[in-house]
Novice: 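I'd like to ask some things about the structure below.
Residue numbers begin at 1 in each chain, while the letters A, B, ... track the order of the sequences. The structure displayed is predicted, hence computed values, not measured ones.
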Number of protein chains: 2
Amino acid sequence: MAGLPERKTLPRLDESLLTHLPPFSRLEKRQIRIILDQASSRRYDEGVAIFQEGHPAERFYMLLDGYVRVVRITPTGEQVTALHIPAGQLLGIAKAIGRDTYPATAMTASEALALSWPMHLWEKFVSDYDGFGTESYKTLGHRLGEVQNRVVEMATQQVEQRVANALLRLINQTGRKVDNGIEIDFPITRQDLSELTATTLHTVSRLLSGWEKQGLVESRRKRIVVRDPHALVVLSQK
Amino acid sequence: MAGLPERKTLPRLDESLLTHLPPFSRLEKRQIRIILDQASSRRYDEGVAIFQEGHPAERFYMLLDGYVRVVRITPTGEQVTALHIPAGQLLGIAKAIGRDTYPATAMTASEALALSWPMHLWEKFVSDYDGFGTESYKTLGHRLGEVQNRVVEMATQQVEQRVANALLRLINQTGRKVDNGIEIDFPITRQDLSELTATTLHTVSRLLSGWEKQGLVESRRKRIVVRDPHALVVLSQK
DNA sequence: GGCGAAATTTGCTCTGGAGCAAACTTCTGT
DNA sequence: ACAGAAGTTTGCTCCAGAGCAAATTTCGCC
């Protein structure tokens, strides 16, 4: 598959930065240009690591297109997905929390495009550009909340509810309307879903089969379309 | 029980602030005095909420003595403990992550003493006192890491290993040497441990009974002494 | 257009640990 | 010193979901 076409990524670029640094004044536009001039951009294939847990945190990233999974790998080699990050967010901002190694691995869940900057620019951006720090910390806080939610879910819910919840979260964050429902916008395997919900791919497969029979979802290899989100909400609540 | 004696809390005060804002220059001492002059201090009984999830974040806190559990309460009323916070750390710093309500409830795990400031001073402290922001964000990052660890643990380990790990974490963070081992420094019930490890108090009780028979731990009501931490480490690793 | 790899489905078995119930122990307040 | 409350232990049953195995489908590639 060829690289992403320019026409597809550039419109998204504006949108992403808009999310991150809200309304643009003339000054801000100037600042954005300066920031962009210092960035490198790179395309990543599906399933590769952008950076790895424990490695020195040399660069920080902004995801422009695609999705990234933040995973932790256990001593025995199992992967656990901590969260999914959609386009428009900062990534690998170890410096923001005073670390000099990455605390987790970032794997692309789809083809992805990201800008990156050397980490030494972090302090500079925070002090020079108002709102940069604040927005980053909001992101961080949001992620802390998400991870805490996962702890609560895993502690209190059954597998079926967790998978339903995960699906709902995915279509909220990354859903795309299609004719017969909402589709998860990147390739996702049963295995991926199981790593996200702390179960096995077999159990996920059984659940999806069941839901498919009831017309709740529709799935093919690496693709899931949710036809009836409301029914999933009901399921997820007991 | 009477309030905490002055002699016990004041030495801890210095120590705590030292951890948080490392080496003191003359200027810094002056700043600390200014900060302290604006603080209110209060004592809390065991098992009360310092602040509650969802309530407007009006104040932020520094825990001077005791321990606090950060808990989330599910719609069905179950409590899940996200983390334990020892004396010397900031607490309820919603503003740091751009929130204006508390994202979780803080319950005292023991008698506790805390300083607090109205939240509007947050920005001021961050901008006036160098290092205040940085240190806070380190704390935040550390907590994010802890919570992620819990997700990984819950996803990959058996109950026995999780409980062993929790015990080890507790004696590391809050352990106190006693003649026959290391004691957890605050009252902790089987129920508390089960909320920390996503299991039931019955299972925790069975595990502790077993370990007690093997001489690994020694426990009485609300008290646990670990006699052989190394054996627990072995247990926790499979 | 057919081959091999990757992903998915499904059946069967087995067990860790939840759920329920009840007795017992240790504290606290009066 | 006693009564009641709070915390703990232990026995028993049962099942959700993991583990294992094997067949089947789907896709990318030559």
Side-chain angles (χ1 to χ4, degrees), chain A residues 1-2 45-47 74 76-80 109-111 153-164 166-167 184 186-214 217-225 235 238, chain B residues 1-2 45-48 74 76-80 109-111 153-164 166-167 184 186-214 217-225 235-236 238:
Chain A
M1 197 177 285
D45 282 329
E46 182 187 327
T74 66
T76 61
E78 289 155 292
Q79 294 194 2
V80 181
S110 64
E111 265 197 298
E153 265 185 38
M154 287 176 46
T156 59
Q157 301 186 327
Q158 310 263 95
V159 169
E160 179 171 44
Q161 300 166 44
R162 297 208 301 271
V163 176
L167 231 43
I184 293 172
F186 59 87
I188 186 166
T189 64
R190 309 291 185 263
Q191 174 78 40
D192 293 336
L193 255 181
S194 74
E195 285 169 7
L196 203 52
T197 49
T199 179
T200 60
L201 78 163
H202 308 276
T203 300
V204 170
S205 177
R206 278 180 248 271
L207 285 172
L208 286 180
S209 297
W211 293 343
E212 183 130 29
K213 279 199 191 83
Q214 301 167 239
V217 303
E218 209 167 285
S219 71
R220 30 192 195 301
R221 192 190 227 224
K222 288 192 174 198
R223 292 269 147 213
I224 301 174
V225 178
L235 263 186
K238 214 196 123 356
Chain B
M1 198 177 284
D45 282 328
E46 181 186 328
V48 305
T74 66
T76 61
E78 289 155 293
Q79 295 194 2
V80 181
S110 63
E111 265 197 301
E153 265 183 37
M154 287 176 47
T156 60
Q157 303 186 327
Q158 311 263 97
V159 169
E160 180 171 45
Q161 300 165 45
R162 297 208 301 270
V163 176
L167 231 43
I184 293 172
F186 58 88
I188 185 165
T189 64
R190 309 292 185 261
Q191 175 78 37
D192 292 337
L193 255 180
S194 74
E195 284 169 8
L196 202 53
T197 50
T199 178
T200 61
L201 79 162
H202 308 276
T203 300
V204 170
S205 177
R206 278 180 248 270
L207 285 172
L208 286 180
S209 298
W211 293 344
E212 182 131 28
K213 280 198 191 86
Q214 302 169 237
V217 304
E218 211 167 282
S219 72
R220 32 192 195 297
R221 191 189 227 223
K222 287 194 173 194
R223 291 269 149 211
I224 301 176
V225 177
L235 263 185
S236 78
K238 217 200 112 14

Novice: Within this structure, what is the CZ-to-P distance between A:R223 and C:dT8, rounded to whole angstrom?
Specialist: 12 Å

Novice: Side chain of B:T199, heavy atoms from C-beta onward: which of C:dG17, D:dA18, D:dG7 has the nearest atom to it?
Specialist: C:dG17

Novice: What is the distance, rounded to the nearest whole Å, between atom CG of A:D192 and atom P of C:dA7?
Specialist: 9 Å

Novice: Within the structure provided, determine whether B:W211 and B:V163 are in side-chain contact (heavy-atom separation under 4.5 Å).
Specialist: yes

Novice: Can you check the A:M154 CE to D:dA18 P distance for me, whole Å?
Specialist: 11 Å

Novice: Begin from the C-alpha positions of B:K222 and B:D192 and carry the test side-chain contact (heavy atoms from CB on, under 4.5 Å) through to its verdict.
Specialist: CA-CA 9 Å; B:K222 287 194 173 194; B:D192 292 337; over 6 Å; no

Novice: Could you grab the distance from atom OG of A:S194 to atom CD of A:Q191, nearest 0.5 Å is fine?
Specialist: 4.5 Å

Novice: If I take atom CD in residue A:E212 and atom P in nucleotide C:dT8, what distance separates them, rounded to the nearest angstrom?
Specialist: 12 Å

Novice: Where is the tightest heavy-atom contact between B:E46 and B:P187, given as atom of each residue plus distance?
Specialist: OE1-CG, 3.4 Å

Novice: Using whole Å, report how far CD of B:Q158 lies from C1' of C:dA18.
Specialist: 14 Å

Novice: How about B:S236 and B:Q157: do any of their side-chain heavy atoms sit closer than 4.5 Å?
Specialist: no

Novice: To the nearest 0.5 Å, what is the distance between CD1 (B:I184) and CG (B:L193)?
Specialist: 6.0 Å

Novice: Round to the nearest Å and state the distance from B:L201 atom CG to C:dG17 atom C1'.
Specialist: 13 Å

Novice: What pairs of nitrogen or oxygen atoms, one from the protein and one from nucleotides 27-30 of chain D, lie under 3.5 Å apart?
Specialist:
from   : atom 1 : to     : atom 2 : distance (Å)
D:dC27 : O4'    : A:R221 : NH1    : 3.4

Novice: Quick one: are B:L167 and B:L208 in side-chain contact, heavy atoms under 4.5 Å?
Specialist: yes

Novice: May I have the distance from A:R162 (atom CZ) to D:dA18 (atom C1'), rounded to whole angstrom?
Specialist: 12 Å

Novice: Consider only side-chain N and O atoms of A:T197 and A:T199, and report whether a donor and an acceptor are under 3.5 Å apart.
Specialist: no

Novice: When we call it a touch if two heavy atoms are under 4.0 Å apart, what does A:E160 touch: a base, just sugar-phosphate, or nothing?
Specialist: nothing

Novice: Where along residues 202-211 of chain B does a heavy atom come under 4.0 Å from DNA chain D, residue by residue in number order?
Specialist: B:H202, B:S205, B:R206, B:S209

Novice: Taking only N and O in the side chain of B:R190, is any of them less than 4.0 Å away from OP1 or OP2 of D:dT8?
Specialist: yes

Novice: Which whole-number value in Å describes the distance from B:K222 NZ to C:dT28 C1'?
Specialist: 11 Å

Novice: Using the side chain to side chain donor-acceptor pair (under 3.5 Å) criterion, which residues pair with A:T200? Sequence neighbours excluded.
Specialist: A:T203

